[in-house]
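No experiment lies behind these values; they were computed from the predicted model shown. Atoms within each ligand, like the ligands themselves, are counted from 1 in listed order.
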Amino acid sequence: MNENKITVQEILTLKNKRKITALTAYDYPLADLIDKAGIDIILVGDSVANVVLGMESTTMIGMAEMLHHAKSVTRAVQHALVIGDMPYESYQINPDKALKNAARFIDEARCDAIKLEWFDKCLQVTKEIIKAGIPVIGHIGLTPQTADKIGGFKVQGKDPETANGLIEQAAELEKCGCFAIVLECIPDKIAQLITKKLKIPTIGIGAGLYCDGQVLVTHDLLGLFQRYKPKFVKQYINLSDLIQKAVQCYKQDVLEEKFPGKEHSFGISNDALKTLLESQA
Ligand code: KIV
């Protein structure tokens with residue numbers, strides 16, 4: 001047991017104290033850097049499908065790949081709460097399978113909690129997983145795994161009826177025992193209403209300033225993913241440009257025989273070299 005690890009209980013107590021910080025990570029080096037920067041929650045999101053694996057949709061990634069990425073993250077993390085994102089069809093098809101898959105994130109990948117997106121039987125599955133002692137974070141609003149059922153990748157809850165639906169979903173998830181809820185792509189005033197109604201924290205992405213915390217896809221924040229940029233993303237640095245420049249410098253150095261230099265090369269004593277050359281003569 002790592003004494004420095006932030007717990008689900010601590011995340012709950014942050015509501016109304018200070019904002020909760022969360023980012024995605026999918027591998028050891030970025031998880032290590034994010035953790036050392038003191039971020040509270042690291043989500044091994046199924047967004048890895050888009051931003052790392054080059055897939056068109058998060059529905060294309062499965063359990064094996066998610067566990068592979070989750071394991072590399074938990075190897076690095078000393079402090080943050082690590083949440084494994086349940087991939088499409090790992091929990092929607094059958095509740096028993098959902099529980100088994102959730103347990104794999106905890107037992108095999110050493111995650112602290114799991115996340116699942118809202119779907120029609122979400123409450124039943126969420127209850128079963130929580131009953132088994134696995135902490136769950138819900139996810140409502142724009143749920144990318146079932147985007148086709150909610151009118152595509154659009155802001156959700158813009159009319160009174162759908163906004164009310166979101167408020168009800170949030171309340172039901174809290175009643176089920178979720179320790180937090182991700183609100184994705186909903187109007188800021190609706191996120192504020194939900195945040196005020198709940199005792200558990202809300203973590204927003206494209207849900208405005210009034211949520212209890214914020215999450216972003218790290219590759220968006222770092223400018224490492226260039227295929228598209230949602231309106232809600234703030235890019236803090238353009239690592240793509242920096243990496244391209246560094247790679248071009250390397251290429252130039254190799255072509256111009258400037259790399260490797262003496263300082264990157266290994267020597268052999270003159271005597272050893274002489275003996276070798278004589279033995280070959
Ligand atoms: O997969 C992911 O990165 C997510 C966040 C957008 C919340 O679910």
Nearest protein heavy atom with distance in Å, relative to atom 6 (C) of ligand 1: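 Looking at atom 6 (C) of ligand 1, the protein heavy atom closest to it is I205 CD1, 3.6 Å.
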Atom 3 (O) of ligand 1: nearest protein contact (heavy atom, Å):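 Of every protein heavy atom, S47 OG, 2.5 Å lies nearest to atom 3 (O) of ligand 1.
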Please identify which atoms of ligand 1 are closer than 4.0 Å to at least one heavy atom of [X].
X	answer
V217	3 (O)
T24	3 (O)
H139	8 (O)
K115	8 (O)
G45	1 (O), 2 (C), 3 (O)

From F259 atom CZ to D253 atom CG, the distance as rounded to the nearest 0.5 Å: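 Answer for the CZ-CG pair, F259 versus D253, is 8.0 Å.
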Nearest heavy atoms of D96 and N94, plus distance in Å: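 Heavy-atom minimum between the residues: N-OD1, 2.8 Å.
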Donor-acceptor pair between D159 and T162 side chains, under 3.5 angstrom: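 Distance-only check passes for D159 and T162.
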Among D85, V48, T74, side chain to side chain contact (heavy atoms under 4.5 Å, CB included) partner for H69: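 Filter result, single survivor: V48.
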Shortest heavy-atom approach to atom 4 (C) of ligand 1 - which of L216, V44, L43: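 Going through L216, V44, L43 one by one, L43 has the nearest heavy atom to atom 4 (C) of ligand 1.
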Side-chain ion pair, K19 and D212, N-O less than 4.0 Å: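 Salt bridge absent between K19 and D212.
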side-chain contact (heavy atoms from CB on, under 4.5 Å) assessment of F232 paired with L216: CA-CA 9 Å; F232 58 76; L216 273 183; 4.2 Å; yes
